[in-house]
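When reading the values below, keep in mind they use all heavy atoms of this one structure, side chains included, and skip hydrogens, waters and symmetry mates. The residues of the chain are indexed from 1 along the displayed sequence.
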Amino acid sequence: MNLLYQIASRPAYLVTAFIAIIASIFLAIWLILPGPPKTLTIATGFPEGLYHQFATQLQAELAKQKITLRIRNTGGSADNLALMADPKSGVDLAIIQSGVGDPSRYSKLTALAGLFYEPLWVWYRPEAFVKDGRSLQQLNQLKGKKVSIGNEGSGTNLLSRAILKLNDIELTQLHLLTLNPDEAISQLRKGEIDVAMIVLAGEAPLLKDFYQLPGIRLMDFDQAEAYTRVLPFLKRVDVPRGIVSIAHDLPKEDIHVIAPTATLVAHSNINPATVSLLLGASYDILRNYSRLQKPGEFPSSKGLDFPIDLDAEIFLKDGPSFFYRHLPFWGAVWLERVIKILIPLLIILFPIFAYLPAILNLSLKIRLGRLYRVLKNIEKRFASSRDADHLLTELNDLEKRIERLNVSLIQSKELYDLRSHIALVRNQLKQAK
């Protein structure tokens, strides 16, 4: 109580205490709302794939904002998912093929956006299917053939297994190989395998290596719509003749393929500013990805396995916030942090502001109360001693103390009341002389 009394009775203490409270709350909330990290790590895939190409372009965009993006090459989506699930991996982001992970098992992961379609291309040597009319029309024709379903740890491997299972094909009914893309190309070229199944986006640099192989054809998934009904994470994509390569006329006719979606995945505690930066950069990058998707179709919030991050959903729906549209990135970051701090701070301090006049008035009353005690003491001593001259000197000192008081206009009435009471006592003293 004594400390509160001292603070209330001295305005300087009151102001100092007020500033200290504001500073403490500001610092505490500032620490609770950290800024975006300056370094991020993304898991991609093989250096020849579109995952790596996209990450390289993203790296260049983030570098413009003084943020470093480290790229970790992996065997593919399954490896990326394992890295994201491992808290010791140091991986912050990953590109993961839809359908690879069960979201219920990875509750701490969130999707930021779908990036592009990744069709399952089934490349085959026509001479391996002479008995079937030199074309591969149904996957049940693969029985007894030498088939590569993608390397372990890749999304290709997982999707291929799921597709074969839908066709009632046991892996033991195939001469099965789990080759990476380079190995599959090499063995197709040498005629050592009959079929290579691989998941690649239309813009993937590696796709060129496949369509340049002489005598290789692409399978048409004429049951594509049925696959998408059974496996909802797949999308039917229509591939027009020659879109893969006009020079090589691939495909040689309009075909249908089934395609999962490459998804940018992050940890659920990702900084909102980082989300805005990543998605803004993705828009710029994906503007040139147009072979198999409509302009503006990606980045997208549709068809995602993992629950979408709230800030990402807002961004994809409404675009960047006002600050990110009109300010440099770091300026917008700091301004948004200040606003996020000020709102709860004002909620806390509003009652204090409402009661501040009453607190200041209490401070004045306490100070005036002290002066009134001095005045009352002078009046009491005059009644007993009648030493008017000495008491008049004390009254003059009391008035000098009043002159040093700094009060607002609203509080001046209290001061004038005290002065009138001093004048009353002075008159009494002068009459007694």
Side-chain angles (χ1 to χ4, degrees), residues 49-50 97 116-150 155-156 159-160 162-164 166-167 169 174 179 181 184-231 233-262 288-295 297-298 303:
L50 192 59
Q97 177 184 307
F116 42 80
Y117 293 130
E118 294 187 284
L120 173 64
W121 308 98
V122 181
W123 303 86
Y124 67 96
R125 295 189 304 107
E127 59 268 25
F129 297 90
V130 173
K131 295 180 180 179
D132 301 308
R134 297 182 66 82
S135 67
L136 177 60
Q137 297 176 329
Q138 301 292 330
L139 288 181
N140 56 18
Q141 296 172 244
L142 296 181
K143 293 177 181 178
K145 307 297 182 182
K146 296 179 180 179
V147 181
S148 171
I149 62 170
T156 298
L159 180 58
S160 298
I163 295 300
L164 293 173
L166 286 180
N167 285 271
I169 298 177
L174 306 173
L179 306 177
I185 290 171
S186 175
Q187 294 202 23
L188 265 179
R189 181 182 292 112
K190 296 175 183 178
E192 295 176 354
I193 60 174
D194 303 314
V195 178
M197 304 173 75
I198 187 165
V199 174
L200 285 174
E203 287 76 14
L206 191 62
L207 198 60
K208 180 179 179 181
D209 296 330
F210 276 94
Y211 68 64
Q212 286 183 338
L213 294 175
I216 302 300
R217 297 191 65 180
L218 275 170
M219 174 185 169
D220 178 13
F221 278 85
D222 54 7
Q223 294 177 308
E225 191 63 33
Y227 281 106
T228 63
R229 302 294 179 89
V230 179
L231 300 175
F233 61 86
L234 294 176
K235 176 81 173 179
R236 168 185 163 170
V237 176
D238 297 328
V239 182
R241 177 177 178 175
I243 192 64
V244 175
S245 172
I246 294 178
H248 293 80
D249 192 26
L250 283 175
K252 296 185 181 300
E253 63 220 349
D254 293 349
I255 67 170
H256 311 298
V257 293
I258 50 177
T261 301
N288 299 319
Y289 289 30
S290 58
R291 284 196 175 184
L292 300 178
Q293 52 258 12
K294 299 175 183 177
E297 188 173 358
F298 290 101

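Checking side-chain atoms of Lys145 against main-chain N and O of Ala128 turns up a donor-acceptor pair under 3.5 Å. No side-chain donor-acceptor contact under 3.5 Å links Gln138 to the backbone of Asp222. Using a distance-only test at 3.5 Å, with no hydrogens or angles considered, no donor-acceptor pair links the side chain of Glu225 to the main chain of Arg236. Panel note: side chain Arg125, backbone Ile193; a donor-acceptor pair is recorded below 3.5 Å. The main-chain N or O of Leu200 is found under 3.5 Å from a side-chain atom of Trp121 such that the two form a donor-acceptor pair. Judged by distance alone, with hydrogens and angles left aside, the side-chain atoms of Gln212 form no donor-acceptor pair with the main-chain N or O of Asp209 at under 3.5 Å. Of the possible polar contacts, none joining the Arg241 side chain to the Pro251 backbone as a donor-acceptor pair under 3.5 Å is found.
Evaluated for a side-chain contact (heavy atoms from CB on, under 4.5 Å) with Leu120, the options Val257, Val199, Val237, Leu234 yield exactly one hit, Val199. For the side-chain contact (heavy atoms from CB on, under 4.5 Å) criterion with Ile185, the lone passing option out of Ile216, Ile198, Leu206 is Leu206.
Looking at every heavy atom in both residues, Pro126 comes nearest to Gly215 through CD-O, 2.9 Å. Between Ser148 and Ala184, the shortest heavy-atom contact is OG-CB, 4.2 Å. Closest approach of Leu139 and Met219 over heavy atoms only: CD2-SD, 3.6 Å. Summarising the geometry of Asp238 relative to His256, their closest heavy-atom pair is OD1-ND1, 2.9 Å, with the distance given to 0.1 Å.
Evaluation of the side chain to side chain contact (heavy atoms under 4.5 Å, CB included) rule for Lys294 yields Glu297 as partners, not counting sequence neighbours.
Rounded to the nearest 0.5 Å, atoms CG (Leu164) and CG (Leu142) are 6.5 Å apart. Distance NZ/Lys252 to OG/Ser135: 13.5 Å, rounded to 0.5 Å. To the nearest 0.5 Å, atom OG1 of residue Thr156 and atom CG of residue Leu179 are 11.5 Å apart. One finds the CD1 atom of Ile258 at 14.0 Å from the OH atom of Tyr117 (value rounded to the nearest 0.5 Å). To the nearest 0.5 Å, atoms CE (Met197) and CD1 (Ile163) are separated by 7.0 Å. Residue Leu213 holds its CG atom at 15.0 Å from CZ of Arg217, rounded to the nearest 0.5 Å.
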Next on the checklist: Using side chain to side chain contact (heavy atoms under 4.5 Å, CB included), reason through Leu218 and Phe210 one step at a time and then give a plain yes or no.
Outcome noted: CA-CA 10 Å; Leu218 275 170; Phe210 276 94; over 6 Å; no
Next on the checklist: Would Asp220 and Asp254 count as a side chain to side chain contact (heavy atoms under 4.5 Å, CB included) here? Give the steps.
Outcome noted: CA-CA 8 Å; Asp220 178 13; Asp254 293 349; over 6 Å; no
Checklist entry - side chain to side chain contact (heavy atoms under 4.5 Å, CB included) between Leu292 and Phe116: does it pass, once the steps are laid out? => result CA-CA 8 Å; Leu292 300 178; Phe116 42 80; over 6 Å; no
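Relative ring orientation between Tyr124 and Phe129 is described as perpendicular, the plane-to-plane angle rising above 60° on a 0-90° scale split at 30° and 60°.
Using a 4.5 Å cut-off on side-chain heavy atoms (C-beta onward), Pro260 and Leu159 make contact.
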